[in-house]
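The structure under discussion appears below in the form of structure tokens.
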Amino acid sequence: MQKLGDFFEKFINKESIFINKKVLQSNYIPESIFHRDEQINNIAGILAPSLKLERPSNLFIYGKTGTGKTLTITYVTNQIKELASQKDIPVKIFYLNCKLKKIADTEYRLLVQLAYELGKQIPPTGLPTDEVYKIFFNIIDEKEQLLIIILDEIDQLVKRNGDSILYNLTRINTELKKSQIALIGISNNLTFIDELDPRVKSSLSEEEIIFPPYNAIQLQSILKDRVKLAFKDNSLEEGLIEKCAAFTARDHGDARRAIELLRVASEIAERNNEKKVLIKHLDEAEEKIERDRFVDIIEKQPKQFQVTLYSILIVNSNKNESIYTGDVYDIYKQICLKIGLRPLTQRRISDIIAEFDSLGVINVKLISKGRYGRTREISSSLPSTTESKIKKILEQELDL
DNA sequence: GTCAATTCACATGAAAGAGACCACGGTCTAGTG
DNA sequence: CTAGACCGTGGTCTCTTTCATGTGAATTGACGA
């Protein structure tokens with residue numbers, strides 16, 4: 001006990017390398033946005049008519065994760081909101097993230113959430129969907145107003161529910177008497193729009209804006225800006241920012257990742273009682289982030305998913321050759337038997353394997369072995385140290 | 001040797017069921033004046 | 001008389017199962033050279 005007291009004491013007295021660590025957290029909104037002037041102006045131009053109560057064009061925004069889409073759009077819309085409230089213009093802007101479960105990931109919930117923002121409570125379930133539509137419709141059309149609805153990660157919504165929601169929302173304008181709705185869709189899947197119904201496609205993407213990934217130089221300036229606010233002078237080893245930027249620019253140019261990398265590296269440095277964040281901490285940080293991400297994903301999975309993954313790992317370590325769906329399913333059934341879990345059908349396991357693939361935990365390739373059938377060739381995409389750790393976690397979770 | 005048909009081992013799709021959650025309206029019950 | 005408890009019905013949503021159909025190349029087998 002005494003020792004722990006000492007530890008905390010030391011911790012408090014220790015001189016920190018941070019001035020304001022919050023700046024590095026993912027929910028921090030910076031005051032200025034770098035390298036997005038063109039997009040900001042574009043969006044502002046498109047949305048400006050809303051201040052005259054003219055319906056702006058529907059807008060579609062693409063860009064990979066961490067390219068500042070959400071940040072930019074909130075920045076612009078916040079200004080519009082502010083101006084609107086100053087001048088008492090009935091413009092309302094809603095931001096919905098379609099990926100958040102239980103909030104906006106189905107047609108019903110999306111409408112409920114929108115209605116809620118408009119000040120009308122609708123039960124989270126139990127009503128027919130068209131009833132909810134009617135309610136929603138009525139609140140909007142109560143008075144003259146302009147709504148701008150931002151649907152972030154709209155691809156998720158469509159993937160789960162099809163594009164009928166979008167169709168309904170784009171069409172609703174023709175029925176509204178007093179109000180108007182404009183939609184802004186944000187997606188990080190570039191091919192997404194091509195999979196839509198052509199009618200929806202043409203009306204949703206009246207305007208399109210693309211957010212390119214940041215390059216290393218741009219990332220550097222973003223990082224430098226944050227570093228100024230977050231760290232005390234001379235807390236970073238020479239060349240650290242450059243390395244960090246180069247690291248992230250190589251895959252995707254994701255600014256969020258770059259900042260996270262820096263944050264984790266600095267945390268490691270702090271824990272090691274270093275006075276500076278060193279480049280070697282970056283390497284460590286990268287590994288840690290990756291590992292934590294996987295561990296996080298896997299702990300959150302339902303039991304059946306965990307058993308499936310465990311089976312894959314077992315088969316993978318028992319066999320040096322390629323492994324296939326059938327092998328996994330056999331082992332899976334055995335494990336279920338052992339831990340007293342009712343095994344699912346192969347059809348379902350097949351889907352689960354596909355889901356792990358899209359989570360990036362495993363790699364899957366569809367191959368045909370000619371006369372010997374068609375199947376998925378599965379390989380783990382986890383680094384081996386992470387893999388054994390995850391195996392242990394799974395064994396624990398499943399009491400094996 | 002050549003070429004189309006066959007065949008395997010799943011993939012992929014569609015539909016439907018089970019079970020959890022919930023709203024709503026009607027009926028029953030107990031408490032109140 | 002009324003508030004609350006307690007149904008039954010009907011709705012959504014997620015996870016599964018069931019049934020049906022699709023698929024790509026190794027293999028087979030008929031055919032002709």
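None of the values given here were measured: they were computed from a predicted structure. Below, chain A is the first sequence line, B the second, and so on; all start at residue 1.
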Full working for side-chain hydrogen bond (donor to acceptor under 3.5 Å, both in side chains) between Lys365(A) and Ser379(A)
CA-CA 9 Å; Lys365(A) 211 166 66 187; Ser379(A) 58; over 6 Å; no

Any N or O donor-acceptor pair under 3.5 Å from the base of dT16(C) to the side chain of Arg348(A)?
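Checked by distance alone, the answer is no.
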
Quick one: the side chain of Arg371(A) and the base of dG24(C), do they pair up donor-acceptor inside 3.5 Å?
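Answer no: no donor N or O sits under 3.5 Å from an acceptor.
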
Step-by-step side-chain hydrogen bond (donor to acceptor under 3.5 Å, both in side chains) determination, Ser350(A) to Arg376(A)
CA-CA 9 Å; Ser350(A) 174; Arg376(A) 288 201 180 96; 3.1 Å; yes

Of the listed nucleotides (dT12(B), dT12(C), dG24(C)), which one gets closest to any side-chain atom of Ser368(A)?
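Shortest atom-to-atom distance from the side chain points to dG24(C).
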
Which nucleotide in the set dT16(C), dT17(C), dA11(B) lies at the smallest distance from any side-chain heavy atom of Leu366(A)?
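Selected nucleotide: dA11(B).
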
Can you confirm if the NZ or CZ of Arg263(A) lies within 45° of the ring axis of Phe18(A) and under 6.0 Å from the centre of its six-membered ring?
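No, a cation-pi geometry is absent between Arg263(A) and Phe18(A).
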
Using OP1 and OP2 only, check whether a side-chain N or O of Thr325(A) sits under 4.0 Å from dA11(B).
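Result: yes.
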
Pull out every residue in residues 105-117 of chain A that has a heavy atom closer than 4.0 Å to any atom of DNA chain C, ordered by number, or say none.
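Residues of residues 105-117 of chain A under 4.0 Å from DNA chain C: Asp105(A), Thr106(A), Tyr108(A), Arg109(A).
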
What is the nucleic acid contact for Glu131(A), judged by heavy atoms within less than 4.0 Å: base, sugar-phosphate only, or nothing?
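Glu131(A): no heavy atom of the nucleic acid under 4.0 Å.
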
May I ask you to say what Ile367(A) touches in the nucleic acid, namely base, sugar-phosphate or nothing, with a heavy-atom cut-off under 4.0 Å?
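Answer is nothing: Ile367(A) stays at 4.0 Å or more from every strand.
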
Any donor-acceptor N or O pair under 3.5 Å, side chains Glu207(A), Asn42(A)
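Note: Glu207(A) and Asn42(A) side chains miss the donor-acceptor criterion.
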
